[in-house]
Amino acid sequence: KTLVGELEKKFSGYHVVIIAQRTMLKKTYARNRKFNGPRPRSRTLKAVQEAILEDLVYPTEIVGKRIRFRTDGSQTIKVHLNPRDQVNVETKLDTF
């Protein structure tokens, strides 16, 4: 069994979400003399945000994303989850 499943059993009536701590580096990231080279892709803002989204929907996986840009500059992201896991995830949709 998974850790999330065990914790949900222990705290009945609550949904459990585990999110890893991630490091984000700025665009102007400068390394010291010992370590040089560009900023790793896994430390960019977009990569960190996508990894957090993956953590949020953990029992299932993301199969598609749609981003809608409005004229005022705001964005709405629609995330499509795997339909095979629909039965397990339907109760958690309010949490997501």
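We're numbering straight along the sequence, starting at 1.
- With values rounded to the nearest 0.5 angstrom, Thr76 atom OG1 is found 14.5 Å from Arg66 atom CZ.
- Annotation for Glu8 and Tyr14: closest pair CG-O, 3.9 Å, computed over non-hydrogen atoms.
- When atom types are taken as modelled, the side chain of Thr60 and the backbone of Val57 share no donor-acceptor pair closer than 3.5 angstrom.
- The CE atom of Met24 lies 5.5 Å from the CG atom of Leu45; values are rounded to the nearest 0.5 Å.
- The minimum heavy-atom distance linking Arg22 with Ala51 is given by the pair NE-CB, 3.3 Å.
- Taken from NZ in Lys65 to CD1 in Ile77, the straight-line distance is 7.0 Å, to the nearest 0.5 Å.
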Test side-chain contact (heavy atoms from CB on, under 4.5 Å) on Val48 and Arg43; report intermediate values, then the result.
CA-CA 6 Å; Val48 169; Arg43 305 284 196 272; 5.6 Å; no
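- The main-chain N or O of Leu25 is found under 3.5 Å from a side-chain atom of Arg39 such that the two form a donor-acceptor pair.
- From Gln49, atom CD reaches atom OG1 of Thr44 across 9.0 Å, with rounding to the nearest 0.5 Å.
- Interatomic distance, Ile18 CD1 to Leu56 CG, rounded to the nearest 0.5 Å: 11.5 Å.
- Within the 4.5 Å cutoff, the side chain of Leu81 has no heavy atoms near those of the Val63 side chain.
- Here Lys78 contributes atom NZ and His80 contributes atom NE2; the two are 6.5 Å apart, rounded to the nearest 0.5 Å.
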Test log, rule side-chain contact (heavy atoms from CB on, under 4.5 Å), inputs Arg41 and Lys46:
CA-CA 9 Å; Arg41 295 272 186 230; Lys46 186 166 182 161; over 6 Å; no
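- At distances below 3.5 Å, at least one donor-acceptor pair connects side-chain atoms of Asp55 with backbone N or O atoms of Ala20.
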